[in-house]
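The structure appears below as structure tokens.
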Amino acid sequence: MRRVLHSVLPASVLFVLVGSAAAQSVPFTAEDILKVATVNVLDLSEDGRWVAASVRRPFDNETTDHRRFGDPTYLPPSRVRLQIIDTESGVAETPFADLVNVRDAAWSRDSANLAVLIARDATETDALPSAELFVWRATTRTLTQVHLEGGHRVALNTTIAWTPDGKAILLALRDPALDREARASFKAITEGPIIVHRSSEPFLEWDALRRNDRNRAIALVEPATGAVKILVPQGRLTSFQAARDGSFLTLMQDVTARTDYDTIGGTENELKHVDVRTGETRVLVPAKDLKGAQLRWSDDGRICAYAKQGEVFVRRIDSTEARSLTPKPKKKEDEKDTPPPSDSDPAREKEESFSPVSFSRDGTRLLVTSRKGWYVLAVDGSARDLIVPFNDDEERNPRISAIDWSLDGRAIYATWSERDRWERGIVRIEVASKTVTPLAKDARLYGNVRLSRDGTRFVYTISENDRPADLYAADASFAQAVRLSDVNAWLAARSLPKSELVGYRDADGRQLYGVLRYPIGYEKGRTYPVVFEIYETFFDNSFNGRAAFLTNHGYAVFHPSVNLVVGRPGDAWVKGVTSAANKLIELGIADPERLGVQGTSYGGYATALLITQTDRFKSAVNISGKVNMVSFYTDSPRLGVRNTHAPEKSQDRIGGTLWEFPERYLEHSAVLRADRVKTPLLNITGDQDPNVPASQSREMYYALRRLGKEVEWVRYVNGGHRPPNSNAEAVDFEQRILAWHDKYLKKDSKKTTPTPPQP
């Protein structure tokens with residue numbers, strides 16, 4: 001047990017304290033990156049008194065068997081320290097002496113007991129992992145394991161929830177024979193000795209295997225006795241939840257017939273109602289109406305809302321059909337035979353498209369959003385009220401995200417962040433008056449916000465001055481706030497950078513923003529080598545370990561944003577990143593002759609593509625990024641349809657299939673323009689990467705070598721998409737990146753010798 005009660009100081013005071021400490025601190029090292037802990041809220045009790053949280057360090061989770069990616073019976077390391085914190089006193093309990101893999105945690109309604117599901121990896125060859133259920137009692141501070149009767153096994157992927165009376169826990173069970181079948185299937189499609197693939201099969205092999213873990217039964221378990229009551233027999237269940245009064249369940253039944261190429265991991269579900277007393281089951285919403293929909297439920301579990309083609313529907317469990325709350329305008333007589341626009345039709349863009357967010361506690365009103373703003377709709381369809389109007393220019397609207405309704409339904413709590421400055425926090429939006437009242441608003445970064453069910457207490461994280469986040473609690477008015485954790489106290493002795501939000505315009509004149517991390521010991525008027533870390537867009541200055549490491553070695557690090565356009569996303573990198581470089585040069589920060597660029601995954605792809613379009617960068621690092629859109633298109637089978645979906649419909653933004661736009665795939669393949677590269681390139685990959693196969697970097701390495709360019713390829717043989725696969729490799733990884741930039745951006749650089757990390 002330890003006491004962690006802290007008063008919350010104003011942001012300006014905290015900045016002074018941290019800044020003065022940094023002046024006397026020691027450098028932040030590659031080893032330090034592994035020791036930075038992340039705190040995550042697992043569950044908050046209904047009265048707000050207790051919060052269950054996990055604290056995780058990369059150092060404690062170093063080795064993953066990437067060769068078993070996609071094996072439903074393999075548990076990658078996810079060891080955490082479980083803490084149970086009294087939000088009033090700040091006292092933290094640690095129920096498990098060791099680090100554990102927490103799969104889920106849930107408080108009982110009376111806040112007296114916490115159910116915790118722990119995963120245990122197999123210790124013997126060919127044995128299966130298992131899930132163990134524990135209950136921690138707040139009154140006695142004791143932890144007890146629940147042993148299920150009849151040899152039942154808890155499913156590793158289940159959620160857990162207490163019944164209203166606190167006597168039983170709702171969860172999913174799984175027959176171990178299914179796990180043995182899944183492991184056998186995994187071995188068959190990875191080890192052979194003969195593997196046959198047929199287009200006549202309804203599913204890609206990896207899709208079928210991934211769906212195996214949805215075969216579960218739903219049951220109630222009594223912690224006191226271990227007694228098990230099966231509510232729903234084993235079937236392919238995507239998700240489930242209980243009504244507030246516990247009288248029925250609603251579940252999503254997976255009825256997918258074949259691999260869906262329109263959605264990554266696409267699943268067709270039908271919504272079902274299960275009477276807990278009789279076991280009677282009936283379909284509430286058919287699969288055809290739920291494709292791609294995300295359900296929002298009222299507090300009592302009796303009404304759900306979902307969107308279909310931009311129209312919001314509500315369905316009561318005791319009704320026979322769904323009803324639209326945002327019906328499309330009625331057509332004129334001469335428009336009767338005109339077919340409705342498809343989702344890709346420009347006409348669809350002009351229509352107002354709605355998305356449901358959350359119900360008020362009494363279920364009479366629903367918050368929905370559209371491009372015009374936030375609306376509150378009466379569930380009976382009698383009223384629609386715009387409470388937060390948006391500007392037509394999206395870039396002028398704040399970034400807001402709903403947290404919850406107030407208990408009395410008079411207001412909605414939300415996180416709020418301005419678009420052009422670091423002014424962030426939590427606000428209360430009055431539904432009737434439409435006034436927005438800041439509860440906490442400053443330059444700090446607020447996240448993971450939860451409101452207790454009784455509406456009395458918030459729990460949230462704050463990250464300030466580029467430091468990792470810590471856990472805080474406050475009353476509903478934010479008149480009193482306490483700090484609940486200090487999981488990285490040791491960082492007070494380390495040099496960490498200061499950051500600034502920098503605005504600039506790209507080559508098309510579009511306003512963009514990027515995050516600048518100043519080098520440690522920065523002197524105004526002196527120029528520095530700058531490493532541009534690229535991906536898509538950046539705005540918030542959350543902690544970044546690699547940036548902290550580089551700034552401790554004399555680099556400024558800049559995270560630029562770009563404006564990606566479907567069809568020609570590659571243009572964005574040269575238009576946006578070079579404009580950002582011009583801005584830093586104009587500000588007198590960047591040395592124009594010492595600019596480097598790097599990126600990971602999509603950022604690595606962007607890095608490789610960027611250096612085929614400009615020679616302004618003197619060093620470049622591609623970490624796990626693709627370079628050939630054609631060979632990548634149908635690669636990486638363990639991800640199913642992901643690598644075809646990405647260019648066709650999502651992140652890669654090509655906008656269609658390879659056969660529709662072959663020229664776009666060629667234009668966005670850096671390897672086909674390797675002859676234009678003048679920047680020395682370091683490629684880093686993990687041989688077991690299922691996301692972007694290491695063969696992508698192999699293509700670029702051999703192409704550049706053949707062309708007589710400066711290139712290096714580092715392979716971590718046991719690594720995955722995050723290439724290093726041990727603590728020692730992680731240190732080697734960071735120091736190699738530093739050494740590469742030093743070689744080309746610093747004339748007096750010396751080779752850095754990797755050293756093994758210490759806990």
Please assess K328 against E352 for the test salt bridge (charged side-chain N to carboxylate O under 4.0 Å, His left out), listing each intermediate value before the final yes or no.
CA-CA 9 Å; K328 302 295 182 184; E352 191 167 8; over 6 Å; no
Do we get K626 above F632's six-membered ring, with its NZ or CZ under 6.0 Å from the centre and within 45° of the axis? yes
I want to check something: taking the side chain as every heavy atom from C-beta on, are [X] and [Y] in contact at a cut-off of under 4.5 Å?
{"X": "L237", "Y": "D254", "value": "no"}
{"X": "L178", "Y": "Q234", "value": "yes"}
{"X": "R258", "Y": "E201", "value": "no"}
{"X": "L681", "Y": "M700", "value": "yes"}
{"X": "V232", "Y": "L249", "value": "yes"}
{"X": "V368", "Y": "V357", "value": "no"}
{"X": "V630", "Y": "L658", "value": "yes"}
{"X": "T634", "Y": "T644", "value": "yes"}

Closest approach of [X] and [Y], non-hydrogen atoms and distance?
{"X": "A131", "Y": "A155", "result": "CB-O, 4.4 Å"}
{"X": "S624", "Y": "H721", "result": "OG-O, 2.9 Å"}
{"X": "I195", "Y": "A188", "result": "CG1-O, 3.5 Å"}
{"X": "A674", "Y": "A703", "result": "CB-CB, 4.1 Å"}
{"X": "L156", "Y": "P129", "result": "CD1-CG, 3.7 Å"}
{"X": "P72", "Y": "G70", "result": "CD-O, 3.2 Å"}

Check your understanding: Does R79 pair with D60 as a salt bridge, N-O distance under 4.0 Å?
Key -> no
*asked:* Does the plane of the ring in W713 sit parallel, tilted or perpendicular to the ring in Y701? Use 30° and 60° as the thresholds.
replied: tilted
Which word best sums up how the rings of F539 and Y513 line up, parallel for under 30°, tilted for 30 to 60°, or perpendicular for over 60°? perpendicular
With sequence neighbours left out, the residues meeting side chain to side chain contact (heavy atoms under 4.5 Å, CB included) with K649 are D262, H645
Side chain to side chain contact (heavy atoms under 4.5 Å, CB included) filter on L672, not counting sequence neighbours, yields L666, S669
Nearest 0.5 angstrom please: [X] [atom1] to [Y] [atom2], how far?
{"X": "N563", "Y": "D508", "atom1": "CG", "atom2": "CG", "value": "7.5 Å"}
{"X": "E533", "Y": "H559", "atom1": "CD", "atom2": "NE2", "value": "6.0 Å"}
{"X": "T607", "Y": "L610", "atom1": "OG1", "atom2": "CG", "value": "7.0 Å"}
{"X": "L204", "Y": "I189", "atom1": "CG", "atom2": "CD1", "value": "10.0 Å"}
{"X": "L704", "Y": "E712", "atom1": "CG", "atom2": "CD", "value": "12.5 Å"}
{"X": "T537", "Y": "L564", "atom1": "OG1", "atom2": "CG", "value": "8.5 Å"}

Does the side chain of [X] pick up a donor-acceptor pair with the side chain of [Y] at under 3.5 Å?
{"X": "R67", "Y": "N718", "value": "yes"}
{"X": "T63", "Y": "N725", "value": "no"}
{"X": "R174", "Y": "N212", "value": "yes"}
{"X": "E311", "Y": "S324", "value": "yes"}
{"X": "R676", "Y": "T612", "value": "no"}
{"X": "T267", "Y": "N269", "value": "no"}
{"X": "S631", "Y": "E699", "value": "yes"}
{"X": "E270", "Y": "Q253", "value": "no"}
{"X": "T657", "Y": "E648", "value": "no"}
{"X": "D540", "Y": "S542", "value": "no"}

Does atom [atom1] of [X] have more than 12 heavy-atom neighbours, drawn from other residues, nucleotides or ligands, at distances under 6.0 Å?
{"X": "R706", "atom1": "CZ", "answer": "no"}
{"X": "R236", "atom1": "CZ", "answer": "yes"}
{"X": "R323", "atom1": "CZ", "answer": "yes"}
{"X": "E394", "atom1": "CD", "answer": "no"}

Item to complete: Would you check, one step at a time, whether the test salt bridge (charged side-chain N to carboxylate O under 4.0 Å, His left out) holds for R153 with D179?
Response: CA-CA 11 Å; R153 291 170 63 97; D179 285 332; 5.1 Å; no
Start with the C-alpha distance between D207 and T259, add both sets of side-chain angles, then the distance that settles side-chain hydrogen bond (donor to acceptor under 3.5 Å, both in side chains), and finish with yes or no.
CA-CA 7 Å; D207 274 359; T259 292; 3.0 Å; yes
**Request:** Verify salt bridge (charged side-chain N to carboxylate O under 4.0 Å, His left out) between E268 and K288, making sure each step is shown before the conclusion.
**Result:** CA-CA 8 Å; E268 291 189 23; K288 64 181 179 63; over 6 Å; no
| message | Just checking F69 against W206, ring centres under 6.0 Å apart? | response | no
Test ring pair (Phe, Tyr, Trp, His ring centres under 6.0 Å) on Y633 and W659 and set out the steps. CA-CA 11 Å; Y633 186 59; W659 305 280; 5.6 Å; yes
